[in-house]
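Values in this document were obtained by computation on a predicted structure and should not be read as measured data.
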Amino acid sequence: MTSPPTASLATAQRSLGDPGRRYPLWPPLTGGCPATSTEEVPVKARWPLTRRIADHFGLHPVSNLTPQAHTGHAFGAEGYKTVAYELHAELGVPAAVFVPTGYGELLFGIHKGFAELRRLGVTDRVPRLIACEPATGGPLTAALRQGLPATWVEVGPTEAYGINCPVGGYRGVVAVRESGGRSVLVTDEQARAAQAELGRRARAAGGARREVGGGAGAAAGGGAPGVSTGLSRGVRGPSRRRR
């Protein structure tokens, strides 16, 4: 299985609203758009498509409109930071959090959550954030290596297509640097092995299956005690092993 080279037009329409009807509020689509479509648009065309749909139908895009760098959405991190609250409720402050990373929005949200807990006096530190990217791309890794806020890279085929992004966001760089973390490139073989292990633990606990990209965090953790998003009660922290 390789990374899909195109995105379904139907998927794009469902994400922002059906152009056949006007939906001022969520949910954007309740009917009128087929579940599958033979029409496809190149992945790089998603940004002009998103802008056209938003402008024409008066919708508010919650995805980025800038292909040069993923700017994210102001409210996105407010949702993602609750992952930090859940981690803190169960584990306190882990030594590190291994995060499957595409654009870096989840990564930044987790850092923001822990940073706010420290600012409020709930904790006295934040965990190191370890960004786990597919080895076929890695824009955050490239940005950190080059000392840039964000950069664009060519991506290759990978089963972890959910996090196979050609461009990162500056907020991901901020999260890694401010937390004293780093980035790690994960191969498909490593991610599949971690996915299988997480799947076994999830089935035992009555949990849900994870896609390959979700295994990137556990893969980077090397199977040692640590924390991975795509939480499994079988993966615990805090990690005491230095990497």
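Residues C132 and G217 share a closest heavy-atom pair of SG-CA, 3.8 Å. When all heavy atoms of A219 and A194 are compared, the closest pair comes out as N-CB, 3.5 Å. Across all their heavy atoms, P127 and F114 have their closest contact at CD-CG, 3.4 Å. Across all their heavy atoms, V155 and C165 have their closest contact at CG1-O, 3.6 Å. Minimum interatomic distance between T101 and L140 (heavy atoms only, all atoms of both residues): CG2-CD2, 4.2 Å. Here the shortest heavy-atom pairing between T151 and A142 reads CG2-CB, 3.7 Å.
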Point to revise | Criterion side chain to side chain contact (heavy atoms under 4.5 Å, CB included) on R51 and H56, from CA distance to verdict | key: CA-CA 8 Å; R51 184 179 296 279; H56 185 77; over 6 Å; no

Review point. After noting the C-alpha distance and the side-chain angles of V167 and Y103, does the key distance pass the side chain to side chain contact (heavy atoms under 4.5 Å, CB included) rule?
Key: CA-CA 7 Å; V167 63; Y103 289 127; 4.0 Å; yes

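Proximity of R182 to I130: side-chain heavy atoms (C-beta onward) are separated by under 4.5 Å at one or more points. The closest side-chain heavy-atom distance from V173 to P149 is not below 4.5 Å. Residues E116 and Y85 meet the side-chain proximity criterion, which asks for heavy atoms closer than 4.5 Å. Side-chain atoms of V93 and V126, non-hydrogen and from C-beta on, never get closer than 4.5 Å to each other. Looking at heavy atoms from C-beta onward, R200 lies out of side-chain contact with Q195 at the 4.5 angstrom threshold. P94 places none of its side-chain heavy atoms less than 4.5 Å from the side chain of R128. Counting heavy atoms from C-beta outward, E86 and E90 have side chains that stay 4.5 Å or more apart. At least one side-chain heavy atom of H88 sits less than 4.5 Å from a side-chain heavy atom of V122.
For the 3.5 Å distance criterion, the side chains of T158 and N164 fail to qualify, holding no donor opposite an acceptor.
Going from atom NZ of K112 over to atom OG1 of T82 covers 11.5 Å, rounded to the nearest 0.5 Å.
Cluster membership for I163 and Y161, using ILVMFWY side-chain heavy atoms within less than 4.5 angstrom, is not shared. Note on L185: it does not cluster hydrophobically with L144, by side-chain heavy-atom contacts below 4.5 Å among ILVMFWY residues. Clustering ILVMFWY residues whenever any of their side-chain heavy atoms sit less than 4.5 angstrom apart, transitively, puts L106 in the very cluster that holds V97.
Applying the side chain to side chain donor-acceptor pair (under 3.5 Å) criterion to E189, with sequence neighbours excluded, gives no partner residue.
Judged purely by atom type and a 3.5 angstrom limit, Q190 uses its side chain to pair as donor or acceptor with the backbone of T187.
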